[in-house]
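This report concerns only the one structure given below.
The figures here come from the full heavy-atom set of this structure, side chains too, leaving out hydrogens, waters and symmetry mates. Because the structure is a prediction, the values reported are computed rather than measured. Just so we're on the same page: letters track the sequence lines, and every chain starts at 1.
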Amino acid sequence: MSKNTPKAIRGTQDIFGPDAEAFAFVVETFERVRKLYRFRRAEMPVFEKTEVFSRAIGETTDVVSKEMYSFEDRGGDSLTLRPEFTAGIARAYLTNGWQQHAPLKLATHGPLFRYERPQKGRYRQFHQIDAEILGTGEPQADVELLAMADQLLKELGIEGVTLHLNTLGDAESRDAWRAGLIDYFEAVSGELSEDSQERLHKNPLRILDSKDPRDKAFVADAPKIDHFLSEEALAFFESVTSGLDAAGVKWKRAESLVRGLDYYRHTAFEFIPDEGSAAADALGSQSTVLGGGRYDGLMESLGGPATPAVGWAAGIERLAMLVGEKSEGPADAIIVIEDSSDVALVRGYAALKSLRLAGLSGELIAEGSPRKRYDKAVRRSPNAIVSFSENGHRISGDETTHPELERILGL
RNA sequence: GCGAUCGUAGCUCAGUUGGUUAGAGCGCCGGUUUGUGGUACCGGAGGUCGGGGGUUCGAGACCCCUCGAUCGCCCCA
């Protein structure tokens, strides 16, 4: 490689080979499962006005305050490469009048951008699959969404991952809990980690998540959300959990699970690898594989009418790390031209076309030393090899398929 | 933003306390061999050792800067 060749941008990836196959497998499985649950496809722009994200996600969040790819376009507007799906979907819902379809089940996937330090399972351009149910505040929407997530992980063959579930309550419950936590941690603030002293006023809920042993000592006795839950919020959560039980979705209560973005209310959840599992090992410290929750206040922050909604997103790269080796699979047939005659090549082209019209996959090997072409074909391990020379053809591979192949190729 | 480890052919890696012209395997290209066959042998192309500066008679190796990768912290999917 010349030193003149530009390098890829930090934190971006060129995905190829088994990794690309695993990536495609995740997306294809998501597409299949999403149809089973009757979620409709939507495509949103990759960039939006910056305020779409800053207003929806919250100015003080890390995502908005230091991780966005923002730039000014030629017209002087501040635009931002989407750091997540939900805000853009909410904007689309409002600006297109999708209220008429409520409750609306949407699915999408694509690239997201966050200016973070790259790490295992974390990239600056990364990819997510995403599912949302917009315009309904019914707990059955939460159940439906989680049932789909659960089935998706099963269809991907991912094991050792558990649904961790919590409720943040409604806006009042959440605010009361937050105030309670501040009181509690303020009393011992001198003994908390530096990070948590920072978090105390910015985002006290985050302290509950801390990995620092100094914090953990106090987290166990910190006030629990359950004490602050209004009757309605409690009833909502109970109806979600009983729905999950009925739908056969296994879950685990995670009292200290919070979500980083300001818009979450009520249900919050993450699918996390079990400790010591192969999945935990494969993912490293970026362990949440799928996460989301209810965001009843989000639409209002974008100037829309109060519109309840739930959603989740999952990192395609992280899922791909868990699905195991995927390979391309063998070609149905490879056509080899075994000499340099024009006759053989012409017959090869014709055979290739017939093959593909019949719905079989295949390719042609007619380059390089004729003597070595057959070896090349063998190395690709196709189901069959059809070789042409000036005065004939030969088929190798599973003999029972030869008559069928000869019929298709007109031999 | 902070910390640790690491950058040598397309890939995986050797390269001794600093010492001539930097190596191997795989892959690629060609030749011979074989001829229902992932064979064997021979040959070839491909590197300003991530980049820049410094120390030295001499640097792939030592020092500084920089870029990148990997793994943690943070954050999150």
task = Name the nucleic acid region contacted by A:R206, choosing base, sugar-phosphate or nothing; use a 4.0 angstrom heavy-atom cut-off, strictly under.
result = sugar-phosphate
ask   = B:G37, B:C29, B:G1: which one has an atom nearest the side-chain heavy atoms of A:Y374?
value = B:G37
message = Taking B:C26 as the reference, what is the distance to B:U20 when you measure between their P atoms (whole Å, please)?
response = 27 Å
ask   = With sugar-phosphate meaning primed atoms plus P, OP1 and OP2, does A:S381 contact a base, only sugar-phosphate, or nothing at under 4.0 Å between heavy atoms?
value = base
ask   = Which one, B:G68, B:C75, B:C29, comes nearest to the side chain of A:D62?
value = B:C75
inquiry  = Categorize A:G17 for me: base, sugar-phosphate, or nothing, with a 4.0 angstrom heavy-atom threshold over every strand shown.
reply    = nothing
inquiry  = For A:F271, run the side-chain contact (heavy atoms from CB on, under 4.5 Å) check against A:T162, A:L319, A:L146 and tell me which one passes.
reply    = A:L146
inquiry  = Quick check for you: among B:G1, B:C76, B:C71, whose closest atom lies nearest to any side-chain atom of A:T288?
reply    = B:C76
task = Classify the nucleic acid contact of A:R373 as base, sugar-phosphate or nothing, counting any heavy atom under 4.0 Å across all strands shown.
result = nothing
Among B:A77, B:G72, B:G68, the nucleotide that comes nearest once only the side chain of A:R10 is considered = B:G68
ask   = Which base sits across from B:C26 as a Watson-Crick or G-U pair, both distances under 3.5 Å?
value = B:G10
Pairwise C1' distance, B:G10 and B:G27 [rounded to whole Å] = 7 Å
ask   = Watson-Crick or G-U wobble partner for B:C62, using a 3.5 Å limit on both distances?
value = B:G54
request  = Would you indicate what A:Y123 reaches in the nucleic acid, counting non-hydrogen atoms under 4.0 angstrom: base, sugar-phosphate, or nothing?
outcome  = base
inquiry  = Using a 4.0 Å heavy-atom cut-off, does A:E67 contact any base of the nucleic acid, only the sugar-phosphate backbone, or nothing at all?
reply    = sugar-phosphate
message = Does B:C73 have its OP1 or OP2 closer than 4.0 Å to a side-chain nitrogen or oxygen of A:S285?
response = yes
Lys/Arg cation over aromatic A:Y115: A:R124, 6.0 Å, 45° cone = yes
inquiry  = Using a heavy-atom cut-off of 4.0 Å across all strands, would you classify A:K372 as base, sugar-phosphate, or nothing?
reply    = base
request  = Considering only NZ, NE, NH1 and NH2 on the basic side and carboxylate oxygens on the acidic side, decide whether A:D226 and A:R253 come within less than 4.0 Å.
outcome  = yes
inquiry  = For a quick check of understanding: with a heavy-atom distance under 4.0 Å over all strands, which category does A:E338 fall into, base, sugar-phosphate or nothing?
reply    = base
request  = Remember a base hit wins even if backbone is also touched, and classify A:G292 as base, sugar-phosphate or nothing at under 4.0 Å, heavy atoms.
outcome  = nothing
